[in-house]
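Only one structure is covered here, and it is reproduced in the block below.
One is the number of the first residue; the rest follow in order along the sequence. Small disclaimer: the values here were computed from a predicted structure and weren't measured. One-based numbering, in listed order, for ligands and for the atoms of each.
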Amino acid sequence: MNVLNVTEAAEARRAIRKYTNQAITDAELDEILRVAGLAPSPWNVQPWRVVIVREQVDKEKLMEASFGQPQVGAASVDIVLYSDMEDAVKTAQEYIHPNYGDAIEAEAKKQQDTFQSWEPETREQWGHSISYIFLGYLLLALKSHGWDSSPMLGFEPEKVKELLGIPESATIPAIIAVGKGAEEGFPHHRHPVDRIRRYFG
Ligand SMILES: Cc1cc2nc3c(=O)[nH]c(=O)nc-3n(C[C@H](O)[C@H](O)[C@H](O)COP(=O)(O)O)c2cc1C
């Protein structure tokens, strides 16, 4: 398969809300998730988790919890991206680099103590914002592997959590509808660099 490089994928990706009925396989999706999981995070915490919704009946329930946005029901799969800092902190030993060797336990304890000293809301907000790095990688990885997507914030988090059994303490940065595009999408309309960049000094 011809994989697009990062610049090609960024240029080609658009929010696509209509799809053909071509299905993405679990194996393709796992490879794309592996690539997205190469996203960096502070301390390598990787607070992101995903639920894949594939059955039509479930996609329709998810669509209902997403203000009826039709791309949720039309997608090959919907990826529900959530941040679970409770799980991340509890299992810190898993994400700490093996290079720490005998110091893994001590490093895990240090990080766990730090996270536990934070207000739960601060901790969740921290994980939530970091999970957007994964989202960026995911959208590019999908396009790079030939799949279109529509990221969404238009949904009711409490309804989505209840439907999918996502822990109450978790947060949901986005739902991503995935499929082969059956529309072009809009040409990019972005600030020129001059509008977002200034030099200091
Ligand atoms: C985090 C996030 C949430 C979004 N939420 C929605 C949404 O709920 N519904 C929708 O139709 N588009 C949604 N979009 C798509 C944006 O409108 C779209 O990405 C933007 O207009 C730029 O267009 P492009 O992606 O085609 O370049 C969302 C995009 C992002 C990144």
Side-chain angles (χ1 to χ4, degrees), residues 3-22 24 29 32-33 35-42 46-54 56 58-85 124-164 166 170-197:
V3 174
L4 300 185
N5 72 32
V6 173
T7 303
E8 289 166 342
E11 298 275 13
R13 189 216 57 80
R14 293 168 183 184
I16 297 294
R17 303 174 178 89
K18 291 189 177 141
Y19 312 101
T20 70
N21 55 14
Q22 193 174 334
I24 187 167
L29 197 50
I32 289 164
L33 291 170
V35 173
L38 298 175
S41 54
Q46 304 162 71
W48 44 77
R49 307 286 184 266
V50 293
V51 181
I52 309 300
V53 181
R54 191 184 277 286
Q56 194 56 38
D58 298 325
K59 286 188 279 188
E60 269 156 35
K61 287 182 195 156
L62 188 61
M63 183 169 87
E64 212 270 316
S66 307
F67 306 111
Q69 295 199 67
Q71 63 267 36
V72 179
S76 172
V77 294
D78 293 303
I79 302 176
V80 177
L81 168 63
Y82 69 99
S83 165
D84 189 345
M85 282 300 290
E124 290 318 320
Q125 189 49 49
W126 190 89
H128 186 81
S129 50
I130 287 160
S131 295
Y132 281 112
I133 306 173
F134 178 91
L135 175 65
Y137 271 51
L138 177 62
L139 299 179
L140 289 179
L142 283 162
K143 190 65 203 175
S144 164
H145 287 75
W147 291 93
D148 294 297
S149 63
S150 167
M152 282 165 282
L153 264 180
F155 56 86
E156 294 176 84
E158 292 313 315
K159 279 195 186 171
V160 175
K161 282 187 197 177
E162 194 184 336
L163 176 66
L164 302 177
I166 292 172
T171 63
I172 306 179
I175 295 176
I176 305 102
V178 175
K180 281 280 175 198
E183 63 175 0
E184 290 285 304
F186 295 112
H188 286 143
H189 174 62
R190 295 294 194 271
H191 287 309
V193 174
D194 279 350
R195 174 69 180 82
I196 60 163
R197 180 267 297 120

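- Closest non-hydrogen pair, I175 versus S66, comes out as CD1-OG, 3.8 Å.
- To the nearest 0.5 Å, the span separating CG on L62 from NZ on K159 amounts to 11.5 Å.
- For P40, the side chain to side chain contact (heavy atoms under 4.5 Å, CB included) criterion is met by I133, Y137, not counting sequence neighbours.
- Within 4.0 Å of ligand 1, protein heavy atoms belong to R13, R14, A15, R17, Q69, Q71, P151, M152, L153, G154, H188, R190, listed by chain and number.
- Nearest heavy-atom pair, E183 versus R17, reported as atom, atom and distance to 0.1 Å: OE2-N, 2.7 Å.
- For R197, the CZ atom is densely surrounded, since the number of other residues' heavy atoms within 6.0 Å is greater than 12.
- Nearest heavy atom pair, residue T171 against residue H128, reads OG1-ND1, 2.8 Å.
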